Amino acid sequence: MASKKREVQLQTVINNQSLWDEMLQNKGLTVIDVYQAWCGPCKAMQPLFRKLKNELNEDEILHFAVAEADNIVTLQPFRDKCEPVFLFSVYPEIPLVDSDSEVSEESTYESVQELHSIAVIKPDAVISKKGLEIKRKITKAGFIIEAQHKTVLTEEQVVNFYSRIADQPDFEEFVSFMTNGLSYILVVSQGSKHNPSSEETEPQPDTEPNEPSEDQPEVEAQFTPGMMKNKRDSLQEYLERQHLAQHCDIEEDATNVAKFMDAFFPDFKKMKSMKLEKTLALLRPNLFHERKDDVLHIIKDEDFKILEQRQVVLSEKEAQALCKEYENEDYFNKLIENMTSGPSLALVLLRDNGLQYWKQLLGPRTVEEAIEYFPESLCAQFAMDSLPVNQLYGSDSLETAEREIQHFFPLQSTLGLIKPHATSEQREQILKMAKEAGFDLTQVKKMFLTPEQIEKIYPKITGKDFYKDVLEMLSEGPSMVMILTKWNAVAEWRRLMGPTDPEEAKVLSPDSIRARFGISKLKNIVHGASDAYEAKEVVNRLFENPEEN
């Protein structure tokens, strides 16, 4: 250890999962004080812990960190316990060899780097509503689902990812099954040490529980790479005990995991280091009317993605809710009158640390304070003579943001149909266009439509002379039927499809699906419900229990 004291920074403070994952890469021994902000005994330990850091510091092999249990998924088992907890992480083992030894630093890193598994929830599980159950079981067992992707696998992807079983006699049937509907691709990593509850496990014969006695102190988990690997390897076995393994493939081979990651999560490392958050933003009527474009330009320059936007005339109740922080001010009634006087612009913004970043950009609640202390804030830049308040609004918490976004942008589902003449490449491109337009693929499945189902899908043309041509066209092969969900889904899907005639679409909406892939009015490649009532009727007809799983 260091022989004399020296000036050092305070121990590392870890308050999110990303920082926790980075800490586990520290070489040597890391001593972690797990605390909760409300816990008195935890707070009392921190001065002592800081003293140890200053007296016993050796940055190369000994590290000290404090970690907030409430904000870190891995530390979930330690929440709601009002007692100090210390953990130890050795990562990797401290080498006891000469610096001249022929040990590759790269190979040492590769041997201890964090490992991931890929879980593929199959189409039959998605259709039968077992997808949510499987994800809950995985997280309840202590694993972390770090990323997930909904997709309809192509034949090429199935052949590539399942090449190890390609010589089996029923492989072609398996490929057809795996490309028949929506699959969930999950990136799963080791979470906290966790002993599944009694209802999660089955009794094991010839074993006795290994519980500490009442007078024996509990020994907390030591986080080491070896322990993480053992836990990771138990995922397949755990799903088998839960009788769910037949619905979910676990891929742990490094080569195949890399294939999945490259195909579906090419920006995974970047995604993992980010904390993407949504927030509601609102431009009050005067600002929206006079300087909307200036605000939108700043939003774009600050790397926000606008997921949704709409003009909305607020009711008095909505205005009061959004202006609650001003309710004790003399100008409150005038503010409410102004907020309901014309359209505001509501936005859903997405960005790394989006909620807090937007709040920082906004600045103080009043113009007077902004001009004096934060002249660069949006509050100061966009001050209006009409009112002494910030002309922009942002949600004050993630919970509030979720509630407000749901209020102003309520989700709607619609029917989407890709017709039989579409090639597999075209289907893939159409699904990609839908996802890029913000649609959630709630359900997708290939099916041969019956005349009764086609009548439900096309209720307004059953008496037309060309209806028999529609029946014939849809009988040529399987259609891909989808439930697409987002705000204003019916209108947004019809906009994305484009005009019925592909030739007209090429002129009026050249970026639409029909403009890109349509052949004729009959074979215009996609269909969608005309209105919300029709969408609900057809979705209920074609899908059993169509709600998101």
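Throughout, residue positions are numbered sequentially from 1 according to the sequence presented. In this text, all values refer to a predicted model and were calculated from it rather than measured experimentally.
Residue-environment remark: NZ (Lys536) stays at or below the threshold of 12 foreign heavy atoms within 6.0 Å. The local environment of CD in Gln246 is crowded, with over 12 non-hydrogen atoms from other residues, nucleotides or ligands closer than 6.0 Å. Counting heavy atoms of neighbouring residues, nucleotides and ligands inside a 6.0 Å radius, atom CD of Glu325 exceeds 12 of them. Enclosure of atom NZ in Lys486 by more than 12 non-hydrogen atoms of other residues, nucleotides or ligands within 6.0 angstrom is indicated.
Leu282 is not listed as a side-chain neighbour of Leu345, based on a closest heavy-atom distance of 4.5 Å or more. Residues Met482 and Leu431 have side chains in contact (heavy-atom distance under 4.5 Å, counting atoms from C-beta outward). Looking only at side-chain heavy atoms (C-beta outward), Ile138 and Leu235 come within less than 4.5 Å of each other. The shortest side-chain heavy-atom distance between Glu402 and Leu398 does not fall under the 4.5 Å cut-off. A 4.5 Å side-chain heavy-atom check between Val187 and Ile145 finds every atom pair outside the cut-off. By the 4.5 Å heavy-atom criterion applied to side chains, Thr151 and Ile185 are counted as neighbours. No side-chain heavy atom of Glu425 sits under 4.5 Å from any side-chain heavy atom of Gln429. Side-chain contact between Ile513 and Trp493: present, with at least one pair of heavy atoms (C-beta onward) separated by less than 4.5 Å.
A distance of 7.0 Å separates OG of Ser479 from CD1 of Ile457, quoted to the nearest 0.5 Å. Taken to the nearest 0.5 Å, the CZ atom of Arg495 stands 10.0 Å off from the CG atom of Asn488. A distance of 8.0 Å separates OG1 of Thr414 from CD of Glu534, quoted to the nearest 0.5 Å. One finds the CD atom of Gln443 at 8.5 Å from the NZ atom of Lys150 (value rounded to the nearest 0.5 Å). Atoms CZ and CD1, from Phe161 and Ile118 in turn, are 9.0 Å apart once rounded to the nearest 0.5 Å. Taking SG of Cys248 as the start and CG of Leu239 as the end, the distance is 5.5 Å to the nearest 0.5 Å.
Salt bridge annotation for Glu251-Arg164: present, with a cationic side-chain nitrogen under 4.0 angstrom from a carboxylate oxygen. Comment: Arg136 does not engage Glu133 in a salt bridge, judged by the lack of any side-chain N to carboxylate O separation of less than 4.0 angstrom. In this structure, Arg241 pairs ionically with Glu237, as a charged nitrogen and a carboxylate oxygen lie closer than 4.0 Å.
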For Thr154 and Glu428, run side chain to side chain donor-acceptor pair (under 3.5 Å): C-alpha distance rounded to whole Å, both residues' side-chain angles, the deciding distance at 0.1 Å, then the answer. CA-CA 8 Å; Thr154 65; Glu428 187 176 1; 4.9 Å; no
Apply side-chain contact (heavy atoms from CB on, under 4.5 Å) to Thr442 and Leu484, showing your working. CA-CA 6 Å; Thr442 305; Leu484 302 171; over 6 Å; no
Show your working on salt bridge (charged side-chain N to carboxylate O under 4.0 Å, His left out) between Lys130 and Asp124 and close with a plain yes or no. CA-CA 8 Å; Lys130 289 187 179 293; Asp124 61 335; over 6 Å; no
Run the side-chain contact (heavy atoms from CB on, under 4.5 Å) test on Leu449 and Leu417 for me, step by step, so that the C-alpha distance in whole Å, both residues' side-chain angles and the decisive distance to 0.1 Å come before the verdict. CA-CA 11 Å; Leu449 295 169; Leu417 184 144; 3.7 Å; yes
I'd like to know whether Val188 forms a side-chain contact (heavy atoms from CB on, under 4.5 Å) with Ile144, so could you lay out the CA-CA distance, the side-chain angles of the two residues, the decisive distance to 0.1 Å, and finally the verdict. CA-CA 6 Å; Val188 183; Ile144 298 172; over 6 Å; no
Is there a salt bridge (charged side-chain N to carboxylate O under 4.0 Å, His left out) between Glu277 and Lys275 once you walk through the steps? CA-CA 6 Å; Glu277 294 176 345; Lys275 184 183 179 184; 3.5 Å; yes
From CA spacing to verdict: side-chain contact (heavy atoms from CB on, under 4.5 Å), Trp487, Arg310: CA-CA 10 Å; Trp487 172 72; Arg310 63 176 294 207; 3.6 Å; yes
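The two atoms that bring Gly354 and Thr279 nearest to each other are O-CG2, 4.3 Å, heavy atoms only. Between Lys259 and Ser163, the shortest heavy-atom contact is NZ-OG, 4.4 Å. Listed here is the closest heavy atom pair of Ala422 and Arg427: O-NH1, 3.1 Å. Taking each heavy atom of Ala532 and Gln412 in turn, the nearest pair found is CB-NE2, 3.7 Å. Of all heavy-atom pairs between Ala119 and Ile250, the closest is CB-CD1, 3.8 Å. In this structure, Gln309 and Leu347 approach most closely via the heavy-atom pair CB-CD2, 3.3 Å.
The side-chain hydrogen bond (donor to acceptor under 3.5 Å, both in side chains) contacts involving residues 351-362 comprise Glu302-Tyr357, where partners must be two or more places apart or lie in separate chains.
Checking Lys135 against Gln148 by side-chain atom types alone, a donor-acceptor pair falls below 3.5 Å. With 3.5 Å as the limit, one finds a donor-acceptor pair spanning the side chains of Thr485 and Ser413. No donor-acceptor contact under 3.5 angstrom links the side chains of Glu252 and His116, judged on distance only.
Under the ring pair (Phe, Tyr, Trp, His ring centres under 6.0 Å) rule, His149 has a single partner from Phe268, Phe264, Tyr184, which is Phe264.
Without hydrogens or angle criteria, Lys300 side chain to Ile306 main chain gives no donor-acceptor distance under 3.5 Å. In terms of modelled atom types and a separation under 3.5 Å, the side chain of Ser395 and the main chain of Leu280 share a donor-acceptor contact.
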Donor-acceptor contacts under 3.5 Å from residues 172-179 side chains, at least two apart:
unit_1: Thr179; atom_1: OG1; unit_2: Val175; atom_2: O; d: 3.0
unit_1: Thr179; atom_1: OG1; unit_2: Ser176; atom_2: O; d: 3.2

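Not less than 6.0 angstrom separates the ring centroid of Phe260 from the ring centroid of Phe265.
Judged by the 6.0 Å distance and 45° axis criteria, Lys445 is positioned over the aromatic ring of Phe543.
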